[in-house]
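Both ligands and their constituent atoms are indexed starting at 1 by order of listing.
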Amino acid sequence: MDGKEIKTIQKLFPVIRTLFSTAGRQYPWFFVMEALKTLIQIFQPFLGLFLTPLLVDELCGGRNVRTLATYAAVLVIGECVLSILLARVNTTLQKYQERLDNYFAMEISRHSMGLDFQLTEDKKALDQLEKAVTGMSWYSGGAYGIGEQVFMFIGNVFKIAGFVTVITVHAPALLIVVLIYVVISGWIRSKLNEIELISYGNLSKSNRLFGYFGWEVVDFRFGKDIRLYDARRMLVEKWKKYTEESIGAWKWRADKGYPYNLALDGAGLVRSLITYFYAGYLVIREAFSIGIFTQMISAAGGLDATLGGLVWNVQELMKRCNYAYEYVLFMEYPEAMPKGTAHVKPGEHRIEFRNVTFAYPGTDKKVLDGVNITVEPGEHLSIVGLNGAGKTTFIKLLCRLYDPTEGEILVDGRNIMEYDYKEYVGQFAPVFQDFKIFGFSIGENIVFDNMDQVRLKEILKLTGLDGMTQKLPKGVDTPVFKMFEEDGIEPSGGEQQKMAIARALYKNASVIILDEPTAALDPMAEYEIYKQFHSLVGDKTAFYISHRLSSCRFCDKIAVFSEGGIAEYGSHEELVNISGGIYAKMFEAQAQYYK
Ligand code: ADP
């Protein structure tokens, strides 16, 4: 994030610590089950490794039927019990895969929603979010995939220790053969790994394109364009082309890897031959029994396979942690704004902008330039001005969606950066022009948290939504839109605005803001909504934004924004009388609507 390249090995620990601590708090049984699975997998090979030689030696020697039957029974029953246990544990573990994936996806969403608003327009932050999402998907297998690899690694270390001990007891020279083989096969595997990485790189574009074709183009939203502009043939041709490219990349990988795979098989064969000859030689020399011969062959094979498994574990862990590290970076993404701890005093507030200048992050243009204004407690301020004059930006600064580039905003005499962020933001109930209605119920759209039915009823009545909800069989529980439910309603633009306004009123905040949520309405309808809203707001502090003047009639003061500053300020009567003034001209132009 700070431009410093971090080595993959350095990512292992932070990834494992972050994922395990989060997953451990939520699903501790996942780790218990993984530990149990590892334990069973450690035991499994050793049951046969110790019992088979006993069985073989009894067959070659004493041939006591009871002893033979006992060994065979222990072996078979032991294998059965371990297999059943393993299957049971695996079934339980599979359930955790879904749970963990969903939980981490939710953590990412939760963190995104809590990020400073200005980061939602920051390309670097958005890229990091994207990388965190993909990094925790099948690329890494998420906490489940990484947890599984870590436990497999631990299990393999124990198994290796076991095999080495068994071999050392009877034929220590065999260890040298196995070690030489491990070095050679490790080198060959690393070459195969390089080829795999290159081929993944070559495949990533085709994979993204497949994703695009698979998910985006079949989306019905594209249906009109595809049909009306006859895009089907072109799309099918492209699909074929990328399929060919993808097949080409897979073939390249297979061709390149072929000699290495052959060499790997050859080395394995040589290792087996030497093991058989050496162990056979020791049997002939009567250094150990035929039973131990079988044990040595199995132990050498087991050690070889487990060492291969361990190398694979390390490579997989590196690869997976490399992807999942993007999640760690996202969760630690630095805050964009300083936040204080001071408490906001209850009641109405005095708001003051002192020489506030602001340019959006990544731009030089001063959208606001040296703005000074004071709004007294309970005052109603109307903000007018042409489109792009900076009215919404002024509100965004007040609500701390952004911080001023220069100057300061004071609430009750204190810089707003010093307040506890959540508490401060809780003071405002804005209705923005681009307010959003969600695919939830009417009630949930108005009250996001802790629904008080009595208060909700009151607000519905105040905003005139009660007429609509009373007619609906499910009342306030009626879903909005048909996204998830058949019986969802499609509210009109006006009804959606009323819901947004009801949401602001329900919040019972001390400052209410209407930022042109009515822009789509005609001036008379807007006038009606503002008039009604004005009576709903009562004596709370309120800001009304409009480039029309219908809202100004009710307000104590009017601020006319122009070219990044407040060009005129005063009451309606004062401003209409400034000859040649912006407000006077606007009023003249729009007067027909208000006469
Ligand atoms: P108003 O509410 O008066 O119509 P705004 O405050 O929305 O004006 O916008 C003022 C200026 O800031 C406009 O020129 C607009 O293009 C620019 N602007 C608004 N939002 C952003 C943003 N997120 N990034 C960069 N420029 C922006």
Side-chain angles (χ1 to χ4, degrees), residues 112-113 115-129 333 335-337 351 353-373 375 380-409 416 425 428-436 497 500-501 504 511-523 526 529-530 533 542-552 555 557-569 575 581-583 585-587 589-590:
S112 320
M113 287 188 275
L115 280 182
D116 288 337
F117 178 79
Q118 71 176 66
L119 291 178
T120 61
E121 292 176 354
D122 179 319
K123 192 178 170 306
K124 254 167 91 180
L126 292 177
D127 277 353
Q128 194 55 53
L129 166 65
Y333 209 88
E335 294 192 338
M337 302 180 148
I351 298 166
F353 275 59
R354 254 190 222 166
N355 275 321
V356 170
T357 295
F358 179 72
Y360 277 96
T363 66
D364 301 326
K365 187 184 149 207
K366 287 180 179 171
V367 174
L368 296 179
D369 193 359
V371 169
N372 284 294
I373 189 170
V375 180
H380 289 196
L381 177 75
S382 177
I383 303 173
V384 295
L386 299 176
N387 276 335
K391 304 182 295 292
T392 301
T393 307
F394 174 82
I395 294 301
K396 284 184 188 165
L397 290 178
L398 178 62
C399 295
R400 280 214 81 191
L401 295 179
Y402 295 91
D403 279 336
T405 322
E406 283 167 43
E408 54 180 353
I409 304 170
I416 58 174
V425 172
F428 300 93
V431 187
F432 287 109
Q433 190 168 1
D434 56 351
F435 64 81
K436 293 279 179 282
Q497 273 155 1
I501 290 172
V511 182
I512 310 274
I513 298 162
L514 271 195
D515 180 359
E516 286 197 281
T518 48
L521 301 180
D522 63 70
E526 180 177 290
I529 288 199
Y530 273 74
F533 196 75
F543 291 80
Y544 297 90
I545 300 189
S546 179
H547 59 277
R548 297 185 188 138
L549 309 183
S550 53
S551 61
C552 302
C555 291
K557 286 281 175 357
I558 298 159
V560 183
F561 275 62
S562 175
E563 292 173 9
I566 299 177
E568 292 166 16
Y569 176 73
L575 297 189
I582 304 173
Y583 186 83
K585 277 194 208 152
M586 280 172 90
F587 188 74
Q590 296 180 18

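- By the definition of a contact as any protein heavy atom under 4.0 Å away, atom 19 (C) of ligand 1 is in contact.
- Residue A389 places a heavy atom less than 4.0 Å from ligand 1.
- Against a heavy-atom cut-off of under 4.0 Å, G390 is close to the following atoms of ligand 1: 1 (P), 3 (O), 6 (O), 8 (O), 10 (C).
- Closer than 4.0 Å to atom 5 (P) of ligand 1 lies at least one heavy atom of the protein.
- Close contacts between ligand 1 and K391 involve ligand atoms 1 (P), 2 (O), 3 (O), 4 (O), 6 (O), 8 (O) [criterion: under 4.0 Å to a heavy atom].
- The nearest protein atom to atom 7 (O) of ligand 1, hydrogens excluded, is given as T392 CB, 3.6 Å; this is a heavy-atom distance.
- A distance-only check finds a donor-acceptor pair linking the side chain of D116 to the backbone of A336 [under 3.5 Å].
- For atom 24 (N) of ligand 1, the closest heavy atom belonging to the protein is Y360 CG, 3.4 Å.
- Distances below 4.0 Å separate heavy atoms of N387 from the following atoms of ligand 1: 4 (O).
- Counting heavy atoms from C-beta on, the side chains of V367 and Y360 come closer than 4.5 Å.
- Of the possible donor and acceptor atoms, one in the side chain of K391 sits under 3.5 Å from a partner among the backbone N and O of L386.
- Distance alone, capped at 3.5 Å, places no donor-acceptor pair between the T357 side chain and the E406 backbone.
- Using a 3.5 Å distance cut-off with no hydrogens or angles, the side chains of Y402 and T393 do not pair a donor with an acceptor.
- The N/O atoms of V367, backbone and side chain alike, include none that comes under 3.5 Å of an N/O atom in ligand 1.
- Polar contact with ligand 1: present for K365 (N/O pair, distance under 3.5 Å).
- Heavy-atom proximity to T393, at under 4.0 Å, picks out these atoms of ligand 1: 5 (P), 6 (O), 9 (O), 10 (C).
- Between the D369 side chain and the G565 main chain, no donor and acceptor come within less than 3.5 Å of each other.
- Checked by atom type and distance alone, the side chain of Q128 never pairs as donor or acceptor with a backbone atom of Y333 at under 3.5 Å.
- A distance-only check finds a donor-acceptor pair linking the side chain of K436 to the backbone of D434 [under 3.5 Å].
- Of all protein heavy atoms, the one closest to atom 23 (N) of ligand 1 is E121 OE1, 2.8 Å.
- The backbone N or O of I582 lies less than 3.5 Å from a partner atom in the side chain of E568, making a donor-acceptor pair.
- In the vicinity of L386, heavy-atom distances shorter than 4.0 Å reach the ligand 1 atoms 3 (O).
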